[in-house]
Each structure stands twice: as structure tokens, then as C-alpha cells.
Amino acid sequence: MAIALIIPDRKLEDLQQRLQHALPTTRIEIWPALTNPAEITFAVLWKQPAGVVATLPGLKALQSFGAGVDGILADTSLPPLPLARIVDPALTAAMLQYLTGIESYYRLRLDTFTAQQQQKQWQPKSSRKLQTLCVLGLGELGTAAALHFQQLGYQVSGWARKQKDIAGIRCYAGNSQLALALAEADLVICLLPLTAQTDNMLDAQVFAMMKPGTIFINVARGAIVDDKALLAALDCGQLQAACLDVFREEPLPPTHAFWSHPAILVTPHTSAVTRVETVVAQIAENYRRSQRGLQLLNQVDLTQGY
Ligand code: GLV
């Protein structure tokens, strides 16, 4: 029995050592240097090359190294094994810190003043009056964001595919209520999972449902947004600004229009990055559970894709 870490382009020695410490009698190997693929019973995955998981016949369960699983499920040859994702208070705290920083950036008009500095312009302006906020996606991170901004004094609405009940948040559900959820919001934060239903979901029609002048923040997945529709909504002023941390293609290609659009702030997928030290315990526990055939912690519903 052994664990494979299949996470290309990342230094994995720290994760390997910490997992080894938590599971002293289990071999922890870094793909592609596997001693015997048939002995791998558990794999930790992030951006794994398509087809690799299917070459490991002894697998009992899979573990995403991130909060999302869309990249893992995109592999059409993936065997239908139990799959868990990361849910980590440190990851949630990092997301809230990022969103708080972005909210302050726009409230204090730092976008405007940065542009003015480049022109050596001195034009004081009072803060933006941002009072209403909508969170799209009310899972672990979306719910935490909604409650966080409600505590900061925002009137918060939230939207999810299924009806949620969160104290202090006006919750809307399903396509028919999307316009209601968005209509009043000064700020819209996307924290939806990427699934067949949300792929390209934020298109021209949805941007038109937003209040004119809305500020849009995407910290979920780039493919949820129709890039052209977003640019058009910014160009005509339907949206005032957009902060994008995630992109259809990452790294964002140098020729992409997002890089140089004056109303877009680009950050390189940094809003909430998994930290090895805070997630090792849940990965080790899921390995133990998988060996005993038990339900995993934070197991994904494969029929829903999140
Ligand atoms: C990051 O994007 C994650 O899903 O953890």
C-alpha cells in the first residue's frame, strides 16, 4: 500500500515528509517516480495529466489538493472512485483576507488613484458608497464570505442552485431567482464551483441582470465567465470594474485583453492557496478512511461535481 502525490510543477518534498510523519508505515511517492504503480491505493491530485489516474489499478480513493475538483473531474478516463476535496479553516481565512483587501481597494478608490498617479493627477474623491453585496455560490467559501461581509455591515444576498437558509443573508435559488439575487448588489463575488451547469454561466444576459455600475470579483474559476461578455459589460459601463483572480487559461496568456483593460485588476490565482501544514491531517485521515472503506472527510458528490 502506498500513496502517490500527482501534482506536477510543484515542489512536493514538504508534503511528502509531513505525510510520512503522519503515516509512518505507508510509502509516500511522488509521481512519476512510482516504485510499483499496482501498490498505489490512494492518490493526492492537482492538475494531474489526463489518463494518469486510470493507470493505477489498486486505487481506493482520490484526494484533491485544493478546494475545487473540476480540474480532476475533467479527466474523462478518471475511475469513479470516492473523491475528497480540501475544506480548511486556514484556506477560508485566506479567502476572506483577500476579499476584504479587494473590497477596501475599491471602497477607497485605489483603482482610480493608481490610474491618476500614472498621469501625475491630484484629484481627491471620497470613498465609494458600497452597501450591498451578492455572493454567487453558497458552499463552504461562499457562505463564509456572505457572513463576513454581513458582519462588516453589508446587506448581503446569496445565490445557489439549491435553496439555502443562512441567518442574515437573503438566499435565492435556481435560475429563476438569479436576477433577484443580483439586482441590488454594488459588489458581486463569484464563488461558484465549476460544473457543466456553471460553465460560461456568467454571460451577457447575467451581466445585464446586475445593477449598472456593479463591481465584479471572480475568485472561483475563469471558465464560469464568458470573457467577451465581461469585456463588453465593462466597456459599456454596465460593470464599473472587475477583479479577476482566476482565468479560463492559467497563466493568463500575455495577449489576453484582461491584462491591459483599465477597469480590470488581475491577480495570479492567489486568493486562497492550499498550505501543506494545515491540510496534512485531513489527507492522512482520508487515507486511513479509504483503507477501511469509510466515507471520506469532505467527500464530493460525483453526480453534482462538487
Ligand atoms: C484553488 O483554486 C482551489 O480550488 O483550492
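Just so you know, ligand 1 is whichever comes first in the structure, and atom 1 is the first atom listed for that ligand. All residue numbers in this chain count up from 1 along the given sequence. Everything quoted here is computed from the prediction, not taken from an experiment.
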When you compare the side chain of T195 with that of R161, does any pair of heavy atoms fall below 4.5 Å?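 Of all side-chain heavy-atom pairs linking T195 with R161, none is under 4.5 Å.
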A side-chain contact here means heavy atoms from C-beta on lying under 4.5 Å apart; do I72 and V300 qualify?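 No; the side chains remain at least 4.5 Å from each other.
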Do the rings of Y154 and F149 sit parallel, tilted or perpendicular, given the 30° and 60° boundaries?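 The rings of Y154 and F149 stand perpendicular, inter-plane angle above 60°.
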Can you see whether Q304 engages K162 through a side-chain donor-acceptor pair at a distance of less than 3.5 angstrom?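 Indeed, the side chains of Q304 and K162 share at least one donor-acceptor pair under 3.5 Å.
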Quick one, list the residues around ligand 1 where some non-hydrogen atom comes in under 4.0 Å, by chain and residue number.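 Around ligand 1, where the cutoff is 4.0 Å for heavy atoms, the contacting residues are W46, G66, A67, G68, R221, H269.
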Nearest 0.5 Å please: distance from the CG atom of L34 over to the CZ atom of R27.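 So the CG of L34 and the CZ of R27 are separated by 9.0 Å.
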For a side chain to side chain contact (heavy atoms under 4.5 Å, CB included) with V225, tell me which candidate from V246, N218, T198 qualifies.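 The side chain to side chain contact (heavy atoms under 4.5 Å, CB included) with V225 is passed solely by N218 among V246, N218, T198.
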